[in-house]
Amino acid sequence: MTAGEQAGLALNLHTFHVLATLAAAGPDIDNGVPARGLHGEGYRGHVFWDEMFVYPMLTLRRPELTESLLAYRHRRLATARAAAREAGLGGAMFPWQSGSDGREETPTQLYNLRNRQWLTDSSRRQRHVGLAVGYSVLEYHEATGDVGFLADIGAELLVEIVRCFASMTSYDPADDRYDIDGVMGPDEFHDGYPGRPGAGVRNNAYTNVLFAWLLRCTLIALETLDGHDCGRLRHRLGVDAAETARWEHISRRLRVPFHADGVISQFEGYEGLPEFDWDGYRARYPDVGRLDLILAAEGDSPNNYRLSKQADVLMLFYLLSAEELRDTLERMGYQLDPEAIQATVEFYTSRTSHGSTLSRMVHSWVLARADRHRAWSLFTQALQADLADSQGGTTREGIHLGAMAGTVDLVLRCFAGLETRDDVLWLHPVLPPELSRAEFQILYRGQQVRVELTPRLARLRLQVCVAAPIQVCVEGHRATLRPGDVYETPIGPRPSSDDGDRPRGKGLGAAHVHSGAPRRESRSRPEPDLGEGPHHGRARPPDEA
């Protein structure tokens, strides 16, 4: 069996488990996305940020499931608002571990089997779960164009989330900058500074940058709804001009820490921490994934070192295209050069223990174009997380639903380079050498689209239906496709002189659209030159900046 065939079997199994857990979701069933699915007692069925890794797979195939599952969060807005008030904040503060009624269910202690002692668990400081909810709302709307969802559920979630984070900020008039203190990032190994455990960190880059992006997108969403309901939603939610002006200012002036060499710092003060003895600990321990437990048993703490349990800063490259990340940082007054992007990726890939099943999947995504061999290795390791129980016994407590869905999504939105943005379906494939072809079907703006990819050809087949035409852009070729059309374009490396009769066009060959009935052929209109870079999808790995 080839590597591609083995990956295909694992992906089918992952799809089965995701659908077995979530396919019954609907407006009459009040359930969220349990991190361990329905297959074990791990996490007691609680809902984490893992849902943001699950929704992309569902939204591109069964968008009604994403809509129903996001309603779980909306139904718990009252509880989230109460939690924010209790913490002295505005808006709605979603819990790190959410249960049936939406209360914070995160334990305050964690048992360390290595030394049989209880540790303080400060995970509830991971406020970024609210940003994950907001991100998922925006991604669903972009893929579906469902303005009704935005008006009924989505906008209220966005407004209350940004209100909460805006109330977390403190303003520094000397620097004209906003700071966010006392949080934990996705890293999870740093719940404070050396000697100050549990107090959180200051200006976690992931939190601040994603919040700035979410603020900007929320303001755009409100403008979209103004044309839909003439401002009635703004009035109902009490969003006035003074509040949106403050949001605009915060979105441009949140502080982001950088190292002296231009690397994005995980949080303020991270650069000053000492390096960790990775070689020494790997020689002493067969698995260093949970360095927090190892160090605690030794009387030490990960707060004292430059290390991460899982992707933190690199999550920004997973969620946003390099173009979006650059634009967001530029609006905030920062410059992110291509060299700094590559240096940031290299810095954190060498300092991550992969103590989470989500981590290797994210790192594979980020490395997909810069280091294909390593990206494929990480991808196959992510595929084996539950099949081989690679964490040594955790799978019997329940499968890892986010990692399962994330590996499927990695093929769709990273290897296939598929993204929905700016009312366009973008495709910028880069199949690993181990995959000779990939085929899948998605639902975009009510149109069934079958995507067929080889290293040299992309083909999109649209089902005959009554859906409106869609805009697509494949490898720089833009076209308007109607139901029944078949769209083809060569892809891959620039052809050389010995490529024979391979079609030519914009360096890659000519793109063609074949209509359903009667069949006709026409040359697609080439997209205006956008220059080199990840303009064709949020899935763009950062090396193409």
Side-chain angles (χ1 to χ4, degrees), residues 32-33 35 46-56 70 73 76 80 83-84 87 89-98 102 104-106 121-139 157-158 160-169 178-192 198-218 250-251 254-257 264-268 270 308-320 324-325 328 332 348 352 355-356 358-359 362 402 406:
V33 182
H46 295 166
V47 177
F48 292 68
W49 76 318
D50 301 54
E51 62 186 0
M52 80 184 307
F53 297 91
V54 176
Y55 289 142
L70 283 171
R73 295 294 190 178
R76 286 151 183 81
L89 302 171
M93 185 173 70
F94 287 100
W96 178 239
Q97 294 191 34
S98 177
E104 178 64 83
E105 299 284 1
T106 306
D121 188 345
S122 303
S123 298
R124 61 184 60 205
R125 286 193 176 275
Q126 294 193 69
R127 301 305 180 200
H128 62 86
V129 62
L131 302 176
V133 175
Y135 178 88
S136 297
V137 167
L138 290 164
E139 289 298 285
L157 283 168
L158 293 173
E160 297 294 32
I161 289 166
V162 300
R163 277 175 169 164
C164 180
F165 278 86
S167 68
M168 292 182 195
T169 64
Y178 290 89
D179 301 290
I180 297 179
D181 204 354
V183 299
M184 286 178 67
D187 157 47
E188 294 191 340
F189 272 178
H190 293 86
D191 67 353
V201 298
R202 182 176 177 85
N203 292 324
N204 171 251
Y206 171 81
T207 300
N208 288 17
V209 173
L210 192 58
F211 176 40
W213 177 86
L214 188 69
L215 271 171
R216 178 59 179 159
C217 292
T218 298
I250 293 174
S251 74
L254 273 162
R255 195 188 309 271
V256 179
I264 302 173
S265 187
Q266 187 166 298
F267 53 81
E268 198 170 294
Y270 187 84
S308 297
K309 173 184 174 183
Q310 59 186 334
D312 191 303
V313 171
L314 298 190
M315 277 294 301
L316 293 171
F317 299 108
Y318 172 76
L319 297 178
L320 307 176
E324 286 177 299
L325 183 55
T328 299
M332 301 167 77
Y348 290 105
T352 302
S356 164
L358 298 170
S359 186
V362 172

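All figures in this text were calculated on a predicted structure; none of them were measured in a lab.
Contact of the Ser136 side chain with the Leu70 side chain is registered, since non-hydrogen atoms from C-beta on lie closer than 4.5 Å. With a 4.5 Å cut-off on side-chain heavy atoms, Thr207 and Arg127 do not count as touching. The side-chain heavy atoms of Ser98 and Arg73, taken from C-beta on, include a pair separated by under 4.5 Å. Side-chain contact check for Asn203 versus Tyr178: every heavy-atom pair is 4.5 Å or farther apart. Under the 4.5 Å side-chain criterion, counting only non-hydrogen atoms from C-beta, Val133 is in contact with Ile161.
Smallest separation of non-hydrogen atoms from Leu157 and Phe94: CD2-CZ, 3.7 Å. Of all heavy-atom pairs between Leu316 and Ala205, the closest is CD1-O, 4.2 Å. The shortest heavy-atom contact between Ala311 and Pro186 is O-CB, 3.6 Å. Contact detail for Cys164 and Met93: the closest heavy-atom pair is SG-CB, 3.8 Å. Heavy atoms only, all atoms of each residue included: Val54 and Gly402 are closest at CG2-CA, 3.9 Å. Shortest non-hydrogen contact noted between Ser122 and Gly198 is OG-CA, 3.4 Å.
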For Val33 and Tyr55: C-alpha separation, side-chain torsions, deciding distance, then whether side-chain contact (heavy atoms from CB on, under 4.5 Å) applies. CA-CA 9 Å; Val33 182; Tyr55 289 142; 3.9 Å; yes
Before you tell me yes or no, could you show the steps for Thr352 and Leu314 under side-chain contact (heavy atoms from CB on, under 4.5 Å), namely the whole-Å CA-CA distance, both residues' side-chain angles and the distance that decides it to 0.1 Å?
CA-CA 11 Å; Thr352 302; Leu314 298 190; 5.7 Å; no
Problem - Verdict with reasoning, Ser308 to Gln266, per side-chain hydrogen bond (donor to acceptor under 3.5 Å, both in side chains) - result: CA-CA 9 Å; Ser308 297; Gln266 187 166 298; 2.9 Å; yes
Given side-chain contact (heavy atoms from CB on, under 4.5 Å), test Val183 with His128 step by step and report yes or no. CA-CA 8 Å; Val183 299; His128 62 86; over 6 Å; no
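Atoms OH and CZ, on Tyr348 and Phe317 in that order, are 9.5 Å from each other to the nearest 0.5 Å. Note that CG of Asp179 is 4.0 Å distant from CZ of Arg255, once rounded to the nearest 0.5 Å. To the nearest 0.5 Å, atom CZ of residue Phe165 and atom CG of residue Leu131 are 3.5 Å apart. To the nearest 0.5 Å, atom CG of residue Leu89 and atom OG1 of residue Thr169 are 10.0 Å apart. Considering CE of Met168 and CZ of Phe211, their distance stands at 8.5 Å, rounded to 0.5 Å. A distance of 13.0 Å separates CD of Glu324 from CZ of Arg216, quoted to the nearest 0.5 Å.
Note on Arg125 versus Asp191: no salt bridge recorded, every NZ/NE/NH1/NH2 to OD/OE distance being 4.0 Å or above. Note on Arg124 versus Glu104: no salt bridge recorded, every NZ/NE/NH1/NH2 to OD/OE distance being 4.0 Å or above. Ion pairing between a basic and an acidic side chain is recognised when a charged N comes within 4.0 Å of a carboxylate O; Lys309 and Asp187 show no such pairing.
Among Val313, Leu214, Asn204, Leu325, the single residue meeting the side chain to side chain contact (heavy atoms under 4.5 Å, CB included) criterion with Val209 is Leu325.
Thr328 contributes no side-chain N or O that, together with a main-chain N or O of Trp213, makes up a donor-acceptor pair within less than 3.5 Å.
Using the six-membered ring where Trp is involved, Tyr270 and His190 have ring planes that are perpendicular, over 60° apart on the 30 and 60° scheme. The aromatic rings of Trp49 and Phe53 sit perpendicular to each other, their planes meeting at more than 60°, with 30° as the lower class boundary.
In summary, the side chains of Ser123 and Glu188 do not present any donor paired with an acceptor at a separation below 3.5 Å, with no hydrogens or angles considered. A side-chain N or O of Ser356 and one of Gln310 form a donor-acceptor pair less than 3.5 Å apart.
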